[in-house]
Asks: 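Just passing along the structure, written as structure tokens.
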2 protein chains.
Amino acid sequence: MRIGTLAERTGTSRRLLRYYEEQGLIGSQRSANGYRDYAESCVDKVIQIRGLLDAGLPTRVIREVLPCMDTPRAIRISAPTEETVALLEGERDRMTERIRFLERNRDAISEYLVAVREAQAEGAPQTPNSAEAAVSA
Amino acid sequence: MRIGTLAERTGTSRRLLRYYEEQGLIGSQRSANGYRDYAESCVDKVIQIRGLLDAGLPTRVIREVLPCMDTPRAIRISAPTEETVALLEGERDRMTERIRFLERNRDAISEYLVAVREAQAEGAPQTPNSAEAAVSA
DNA sequence: TCAAACCTTCTCATTGATGTGCAGGTCAAG
DNA sequence: CTTGACCTGCACATCAATGAGAAGGTTTGA
């Protein structure tokens, strides 16, 4: 498929897809006229890239990790070197750390939201902002 | 405490602490000589800022969120506007999404690592890279 | 008291990562 | 021939963070 189709199907701009290619995150064939020609699997790949970037992983890491998660999974074991395995183990651990971090902070926000609701429900049903004056010092 | 102490206790650079103040994330008193004087609570605050930034929240959002998470929690509810609450709910959901995504991808890496180990153990004990030739197409 | 070592201040400039905009040109279909 | 999708390449935008330099405060020990 061409870049416009991929852009539409993944919800990213054409420009960004070229950027990801430049960064080595995705690849493409070229048609005779020079147009990029993407495989079907690129759709999932791009979505995955978006997710990983949004999760805070830098492109450098995604570039390493992504080839190991090709679909269909079973086909490609692709003989990693020991260094690659070590790197992946490291990344896996870092991701676990990151997950914990996110959970802690999300929970803090959640707790706050609960506290706000409670304060609004019991404390000041008439003026929702009345807590401020009492506390703002 | 002065900036060097805070930097040491939070593991951030002095430079970055000044930057956070410039961004409105933390505050400080000034001593007679102009030196910044930080409250004890700043230690936790800075660590939390680090966590939230790492979680992908922009400073603009953290600036909104942070006053809501002051310790001790109970004292300050600080009357968020409805917009802030909505924003926080959005961020909370986005973080949950991110967590799910990270978990999925981390698990994919884990699975891959397991598959690699199995392949190495059973398939080709003599040449660890022999899988590559069979698959690399 | 003096000086060296260290800490702090401010400001301007820069880096690195993730994108976006746009100009100038090519290609293909109506 | 016009329109729209595509190409390359350069510049720009934003955000978080850092570097460097000049000037002044603080501490400590000779």
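Sequence lines set the chain letters: A, B, ... in the order given, protein chains first and strands last, and positions in each chain run from 1.
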Asks: Once you apply a heavy-atom cut-off of 4.0 Å, does B:Arg50 come out as touching a base, just sugar-phosphate, or nothing?
Replies: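 Sugar-phosphate only.
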Asks: Salt bridge check: are B:Arg100 and B:Glu97 linked by an N-O gap of less than 4.0 Å?
Replies: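 Yes, this pair counts.
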Asks: Let me know the distance between OH of B:Tyr19 and C1' of D:dT18, rounded to the nearest Å.
Replies: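 Whole-Å distance recorded here is 11 Å.
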Asks: In whole angstroms, how far is the P atom of D:dC15 from the CG atom of B:Leu57?
Replies: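 Computing the B:Leu57:CG to D:dC15:P distance gives 14 Å.
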Asks: Anything under 3.5 Å between a protein N or O and an N or O of nucleotides 12-14 of chain C, put it in a table, one pair a line.
Replies:
unit_1	atom_1	unit_2	atom_2	d
C:dC12	N4	B:Arg15	NH2	3.4

Asks: Reading DNA chain D from 5' onward, which residue's closest nucleotide shows up sooner: B:Gln23 or A:Ile3?
Replies: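 Result of the comparison: A:Ile3.
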Asks: Separation of A:Glu22 atom CD from C:dT18 atom P, in whole Å?
Replies: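 About 12 Å, once rounded to whole Å.
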Asks: With sequence neighbours excluded, tell me which residues meet side chain to side chain donor-acceptor pair (under 3.5 Å) with B:Arg9.
Replies: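 Once residues adjacent in sequence are excluded, the partners of B:Arg9 under the side chain to side chain donor-acceptor pair (under 3.5 Å) criterion are B:Glu40.
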Asks: Can you tell me how far P of C:dA17 sits from CG of A:Asp54, to the nearest Å?
Replies: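 In whole Å, C:dA17 P and A:Asp54 CG are 18 Å from each other.
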Asks: Could you check whether any side-chain N or O of A:Arg63 sits under 3.5 Å from a backbone N or O of A:Gln23, counting only pairs where one atom can act as donor and the other as acceptor?
Replies: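 Present.
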Asks: Pick the nucleotide of DNA chain D nearest each of B:Ser13 and A:Arg14; which residue has the one closer to the 5' end?
Replies: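 Here A:Arg14 is the residue nearer the 5' end.
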Asks: Given D:dC7, C:dC7, C:dA28, identify the nucleotide with an atom nearest to the side chain of A:Asn33.
Replies: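 Selected nucleotide: C:dA28.
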Asks: Heavy-atom count around A:Glu8 CD within 6.0 Å, excluding the residue itself: above 12?
Replies: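 No, because the 6.0 Å sphere around CD of A:Glu8 holds 12 heavy atoms or fewer from other groups.
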Asks: Could you tell me the separation between the CG atom of A:Leu6 and the P atom of D:dA5, rounded to a whole number of Å?
Replies: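 Result: 15 Å.
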Asks: Measure CD/A:Glu8 against C1'/D:dG4 and give the value in whole Å, please.
Replies: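 Whole-Å distance recorded here is 14 Å.
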Asks: C:dT9 C1' sits how many Å from B:Asp37 CG, rounded?
Replies: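 My rounded result for the distance is 15 Å.
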Asks: What's the OH-C1' distance between B:Tyr20 and D:dA17, to the nearest Å?
Replies: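 Between C1' of D:dA17 and OH of B:Tyr20: 8 Å.
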Asks: Just by distance, do the side chain of B:Ser13 and the backbone of B:Leu16 share a donor-acceptor pair under 3.5 Å?
Replies: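 A pair under 3.5 Å: yes.
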Asks: A:Met1 and A:Leu25: same hydrophobic cluster, using ILVMFWY side-chain contacts below 4.5 Å?
Replies: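 Yes; A:Leu25 is reachable from A:Met1 via cluster members.
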Asks: Any protein N or O atoms within reach of nucleotides 21-24 of chain D? Criterion: under 3.5 Å, listing atom names and distances.
Replies:
unit_1	atom_1	unit_2	atom_2	d
D:dG24	N2	B:Tyr35	OH	3.4

Asks: For B:Arg36, give me all partners under side chain to side chain donor-acceptor pair (under 3.5 Å), at least two apart in sequence or on another chain.
Replies: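 Here the qualifying residues are B:Glu21.
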Asks: Mark yes or no: B:Arg98 above the aromatic ring of B:Phe101, with NZ or CZ under 6.0 Å from the six-membered ring centre and no more than 45 degrees from the axis.
Replies: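 Relative to the ring axis of B:Phe101, which defines the angle, B:Arg98 lies outside at least one limit.
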Asks: Side-chain donor-acceptor contacts of residues 53-60 of chain A below 3.5 Å, not counting sequence neighbours, with atom names and distances?
Replies:
unit_1	atom_1	unit_2	atom_2	d
A:Asp54	OD1	B:Arg94	NH2	3.3

Asks: OP1 or OP2 of D:dC7 versus the side-chain N and O atoms of A:Arg36: is any pair under 4.0 Å?
Replies: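 For D:dC7, OP1/OP2 do have a side-chain N/O of A:Arg36 under 4.0 Å.
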Asks: So what does B:Arg2 hit on the nucleic acid, given a heavy-atom distance under 4.0 Å: a base, only sugar-phosphate, or nothing?
Replies: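 Since only primed, P, OP1 and OP2 atoms lie under 4.0 Å of B:Arg2, the category is sugar-phosphate.
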Asks: Using salt bridge (Lys or Arg N to Asp or Glu O under 4.0 Å) as the criterion, list what pairs up with B:Glu103, not counting sequence neighbours.
Replies: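 Residues passing salt bridge (Lys or Arg N to Asp or Glu O under 4.0 Å) with B:Glu103: none at all.
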Asks: Which of the following nucleotides, D:dA16, D:dA5, C:dG19, is nearest to the side chain of A:Leu16?
Replies: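 The answer is C:dG19, which lies nearest to the side chain.
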